[in-house]
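What follows is a short report on a single structure.
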Amino acid sequence: MALAFYNTLTGKKETFESLEPRVVRMYNCGPTVYNRAHIGNFRAYLFADTLRRWLECSGFEVRQVMNITDVGHLLDDADDGEDKIEAQAKREKRDPWEISRGHTETFMKDLAALGCEPAFVYPKASEHIPEMLEMIDGLVAKGFAYQVGEDVYFEVKKFPRYGRLSGNTVDSLAAGSRIEVREEKRHPADFALWKSDAHHIMKWESRYGQHGFPGWHIECSAMARKHLGDKIDIHTGGEDNIFPHHESEIAQSECFTGQPFATFWMHTKFLQVDGGKMSKSLGNVYSIDDIRAKGFEPRHLRFCLLRGHYRQPLNFTWPILAESKAALENLDDLAARLRRAQGGQGAAASADDGLEEVADAMDEFRAAMDDDLNTPRAIAALMKLRTHAIEERLGSMAAAQGLKFLENTANKVLGCIRVAEETLDDEIESAIAARQDARKRRDFKESDRIRDELLAQGIVLEDTPKGVIWKRKS
RNA sequence: GGCGGCAUAGCCAAGUGGUAAGGCAGUGGAUUGCAAAUCCACCAUCCCCGGUUCAAAUCCGGGUGCCGCCUCCA
């Protein structure tokens with residue numbers, strides 16, 4: 001089956017074809033760095049990482065760009081035109097630049113902890129003001145935008161397709177608008193490309209005035225264009241970005257270049273916590289540190305998020321995370337079992353036994369991922385393979401193939417299974433041997449003492465008819 | 001008020017016309033010096049009502065509930 005993704009723009013699953021053979025240009029809407037990213041944010045960024053990884057597994061070179069919005073994300077369209085970072089800075093009585101710098105650093109660390117591969121570029125909005133102004137000037141020159149005082153607005157009526165992505169129409173937006181209508185705007189849905197405010201700290205000079213700063217949407221259009229070109233293959237974001245952010249990006253970019261902007265628009269559903277929206281007042285806005293503080297590893301969260309399809313609502317609770325951890329450890333176990341079977345331990349009699357089972361699992365995994373990144377289905381395929389391994393139906397050759405697949409494909413995309421061969425230091429090796437001696441002597445008091453001691457060091461022992469197996473407790 | 005999504009076992013979650021994947025947890029039994037792991041068995045008719053069809057979790061209509069966007073949010 002061919003690689004296919006659900007495209008918000010068309011409302012259908014479509015076969016994926018890149019503009020340039022073997023190359024994918026992908027832009028991911030990244031964070032606005034005014035506070036610490038929470039696990040809900042990471043659902044979207046992890047999706048972008050998964051998509052990138054699967055495209056790479058499918059043989060594409062992926063030019064992945066994830067923006068860092070460090071200026072210009074307006075709190076609202078009201079007269080004061082405050083942006084989120086400045087507002088946060090005011091609250092904390094700190095310098096806005098310092099705020100965005102600090103959160104950017106933390107964001108990078110969190111991404112790495114979650115096992116996300118670094119994008120090729122993380123462009124910052126504040127470093128692309130000239131590119132934004134170039135587009136704004138162009139839009140004004142072409143008549144798609146107009147200046148009022150020192151502000152510039154995009155005129156949505158000039159772009160008939162405005163609303164196509166979100167299903168809104170310009171008229172319905174006007175009718176049901178909760179936006180405070182500003183007199184100076186020609187249409188309530190017109191949005192700011194450039195704002196001016198003398199009190200703003202993060203501001204730039206332009207032909208429109210001395211104290212300007214960009215509107216929220218323009219930075220993505222400008223940075224995508226700068227780093228990927230006028231046309232890109234995929235643009236991702238959270239479902240909340242569909243309107244107005246991505247709708248507005250399309251309008252700006254397409255009016256400026258005269259070409260279609262992105263072929264595929266892909267959006268992640270919100271993560272729910274405790275069955276509802278996470279909120280500060282409920283105290284369930286969790287960060288990666290909260291995950292650690294509860295004794296979990298970031299990879300457990302990664303797996304927890306991958307257990308749900310990105311376009312389905314997904315709920316997060318601590319018991320669900322614990323459940324995910326248990327399930328993930330079974331995949332760690334799959335890797336260990338395949339490795340042992342590869343060496344003949346617990347393998348089927350004939351080396352090529354089970355080749356078909358392994359091939360089936362591989363096919364199912366690939367088919368699931370090709371089908372709009374269906375990670376839950378892909379994970380199920382691995383679990384089935386584990387059943388075969390447990391039943392000792394895989395010969396050494398089949399096990400070797402399965403292990404190779406797990407290492408080079410399945411975990412290349414899931415990115416959270418422990419597939420590496422683990423070794424023990426001599427000290428522990430000899431402790432295990434000593435315990436075996438004690439057991440032979442039926443000195444169970446001593447053997448249990450050693451087992452407890454090893455457990456305290458994170459080593460779990462299992463006595464099978466064929467000998468002792470150890471694994472690391474996570 | 002406008003637009004959209006979702007509703008599958010105790011929990012998580014696949015499945016879009018042919019008699020319900022997978023995981024976690026649980027119960028009973030086996031195995032074990034004990035434990036762990038493993039094995040066997042048990043554990044859903046798919047929110048409700050109506051319709052279409054030989055056949056529906058899957059299509060249509062009507063409810064109910066939850067979530068999201070339209071204002072900052074991934």
Side-chain angles (χ1 to χ4, degrees), chain A residues 8 11 28-32 34-35 37-48 73-78 82-84 87 163 166-169 171-180 189 216 236-245 247 267-272 275-279 285 303-304 307-317 319-331 333 337 346 364 368 371 374-384 386-387 390-392 439 442-445 447-448 451-452 455 460-465 468-471 473:
Chain A
T8 308
N28 311 126
C29 263
T32 300
Y34 69 105
N35 62 10
H38 56 248
I39 60 176
N41 297 126
F42 282 111
R43 182 177 199 198
Y45 310 135
L46 175 60
F47 164 71
H73 199 152
L74 303 181
L75 277 174
D76 54 51
D77 243 356
E82 195 168 32
D83 92 32
K84 301 182 83 160
S166 59
N168 290 315
T169 63
D171 291 334
S172 75
L173 285 170
S177 180
R178 287 153 68 183
I179 304 168
E180 250 182 79
W216 170 31
T236 74
E239 58 172 330
D240 57 312
N241 281 153
I242 296 172
F243 189 91
H245 188 50
E247 194 77 75
H267 297 94
T268 324
K269 275 273 186 305
F270 267 151
L271 178 72
Q272 291 176 221
K277 196 173 178 172
M278 64 178 86
S279 76
V285 181
F303 189 69
C304 181
R307 288 209 308 162
H309 184 83
Y310 77 93
R311 281 195 297 117
Q312 291 291 122
L314 181 68
N315 190 27
F316 176 91
T317 62
I320 290 171
L321 183 59
E323 209 177 289
S324 306
K325 175 182 165 178
L328 177 58
E329 283 168 355
N330 281 155
L331 291 182
D333 176 68
R337 279 177 195 274
E364 170 59 12
D371 182 15
N374 195 329
T375 47
R377 217 177 108 196
I379 289 166
L382 298 182
M383 292 295 184
K384 275 188 196 161
R386 176 168 183 258
T387 303
I390 287 171
E391 289 171 353
E392 307 198 348
R439 291 186 69 219
R442 302 192 66 80
D443 181 356
F444 298 121
K445 200 177 166 196
S447 70
D448 286 354
R451 184 171 63 193
D452 290 345
L455 185 61
V460 183
L461 296 184
E462 295 172 13
D463 299 318
T464 75
V468 191
I469 286 171
W470 62 270
K471 58 171 82 167
K473 196 177 67 171

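Order of the sequence lines fixes the chain letters, A, B, ..., with proteins taken first and strands second; residue numbering starts at 1 for each chain. What you see below is based on every heavy atom in this structure, not just the backbone, and it leaves out hydrogens, waters and symmetry mates.
Remark: C1' of B:rA21 and CG of A:Asn374 are 11 Å apart, rounded to the nearest angstrom. When rounded to the nearest whole Å, the span between CD1 of A:Ile379 and C1' of B:rA13 equals 10 Å. Between the NZ atom of A:Lys471 and the C1' atom of B:rA35 there is a distance of 13 Å, rounded to whole Å. Spacing between atom CE of A:Met383 and atom C1' of B:rC12 amounts to 11 Å, rounded to whole angstrom units. If you measure from atom CG of A:Leu382 to atom C1' of B:rG22, you get 11 Å, rounded to the nearest angstrom. Rounded to a whole Å, the NE2 atom of A:His267 is 20 Å from the P atom of B:rC3. Residue A:Ile390 contributes atom CD1, which lies 5 Å from atom P of B:rC39 at whole-angstrom precision. One can place CZ of A:Arg307 at 14 Å from P of B:rC11, the figure rounded to the nearest angstrom.
Residues A:Met278 and A:His38 approach most closely at SD-CD2, 3.6 Å, considering heavy atoms. For the residue pair A:His309 and A:Asn374, the shortest heavy atom distance occurs at ND1-CA, 3.6 Å. For the pair A:Ala44 and A:Thr268, the tightest heavy-atom approach, listed with the atom from each and the gap, is CA-OG1, 3.7 Å.
Taking every side-chain heavy atom of A:Thr32 into account, B:rA74 is the closest of B:rA74, B:rG33, B:rG22. When each of B:rG33, B:rA36, B:rC67 is scored by its nearest atom to the side-chain atoms of A:Val460, the top-ranked nucleotide is B:rA36. Side-chain proximity of A:Lys384 to the nucleotides B:rC6, B:rC70, B:rA21 is greatest for B:rA21. Between B:rA36, B:rA74, B:rA25, one nucleotide has an atom nearer to the side chain of A:Asn41 than all others, and that is B:rA74. The side chain of A:Arg337 sits closest to B:rA37 out of B:rC67, B:rG23, B:rA37. Of the listed nucleotides (B:rA25, B:rG33, B:rA74), B:rA74 has the atom at the smallest distance from the side chain of A:Tyr45. With distances taken from any side-chain atom of A:Phe270 to the nucleotides B:rA14, B:rA74, B:rC67, the minimum falls on B:rA74. The side chain of A:His309 has B:rA14 as its nearest neighbour among B:rA36, B:rG33, B:rA14.
Comparing B:rG51 with B:rC67, their C1' atoms sit 28 Å apart, to the nearest whole Å. Spacing between B:rA44 and B:rA55 at atom P, rounded to whole Å, works out to 26 Å. Across B:rU8 and B:rG15, the matching P atoms stand 14 Å from one another, rounded to whole Å. B:rU64 and B:rU52 have their P atoms separated by 23 Å, with the value rounded to a whole Å. The same atom, P, is picked in B:rG17 and in B:rA56; the two are 14 Å apart, to the nearest Å. As rounded to the nearest Å, B:rU31 and B:rC40 have C1' atoms that lie 11 Å from one another. Comparing the same atom, P, in B:rA35 and in B:rG29 gives a spacing of 13 Å after rounding to whole Å. When the C1' atom is used for both B:rA57 and B:rA21, the distance is 14 Å, rounded to whole Å.
Summarising the base pairing, B:rC34 is matched to no nucleotide, lacking a Watson-Crick or G-U wobble pair whose two defining distances lie under 3.5 Å. A 3.5 Å limit on both hydrogen-bonding distances identifies no Watson-Crick or G-U partner for B:rG17. When both distances must be under 3.5 Å, the Watson-Crick or G-U wobble mate of B:rC46 does not exist. Figure legend. B:rC66 is base-paired to B:rG5; pairs are counted as Watson-Crick or G-U wobble with both atom distances under 3.5 Å. With both pairing distances under 3.5 Å, B:rC59 is matched to B:rG51 as a Watson-Crick or G-U wobble pair.
Looking at heavy atoms from C-beta onward, A:Phe303 lies in side-chain contact with A:Ile379 at the 4.5 angstrom threshold. A 4.5 Å side-chain heavy-atom check between A:Asn28 and A:Tyr45 finds every atom pair outside the cut-off. Annotation: side chain of A:Ile469 is not in contact with side chain of A:Leu461 (no heavy-atom distance under 4.5 Å).
Across all strands, A:Asp333 comes closer than 4.0 Å to no nucleic acid atom at all (heavy-atom distances). Within the 4.0 angstrom heavy-atom criterion, base atoms lie near A:Gly40. Contacts of A:Ala380 with the nucleic acid, taken as non-hydrogen atoms under 4.0 Å apart, include base atoms. Residue A:Ser324 is classed as having no contact, given no heavy-atom separation below 4.0 Å to the nucleic acid. As judged by a 4.0 angstrom heavy-atom cut-off over every strand, A:Ile469 is placed among residues making no nucleic acid contact. Counting non-hydrogen atoms under 4.0 angstrom, A:Arg311 reaches nothing in the nucleic acid.
Not a single donor-acceptor contact under 3.5 angstrom links the side-chain atoms of A:Gln312 to the base of B:rG5. With hydrogens and angles ignored, no donor-acceptor pair under 3.5 angstrom links the side chain of A:Asn315 to the base of B:rC67. A donor-acceptor contact under 3.5 angstrom links the side-chain atoms of A:Asp448 to the base of B:rG33. Under 3.5 Å, the side chain of A:Arg451 and the base of B:rA36 form no donor-acceptor pair of N or O atoms.
A:Asn315 CG to A:Cys304 SG: the interatomic distance, rounded to the nearest 0.5 Å, is 9.0 Å.
Checking A:Pro244 against A:Gly275, the closest nucleotide of RNA chain B that is more toward the 5' end is the one next to A:Gly275. Across the interface with RNA chain B, nearest-nucleotide mapping of A:Pro376 and A:Arg43 shows A:Pro376 to be the residue nearer the 5′ end.
The side chain of A:Arg386 places an N or O atom within less than 4.0 Å of a non-bridging phosphate oxygen (OP1 or OP2) of B:rU38.
Under 4.0 Å is where a charged nitrogen must lie from a carboxylate oxygen, and between A:Arg377 and A:Glu364 at least one such pair does. Using a 4.0 Å cut-off between a side-chain N of Lys or Arg and a carboxylate O of Asp or Glu, A:Glu323 and A:Arg307 qualify as a salt bridge.
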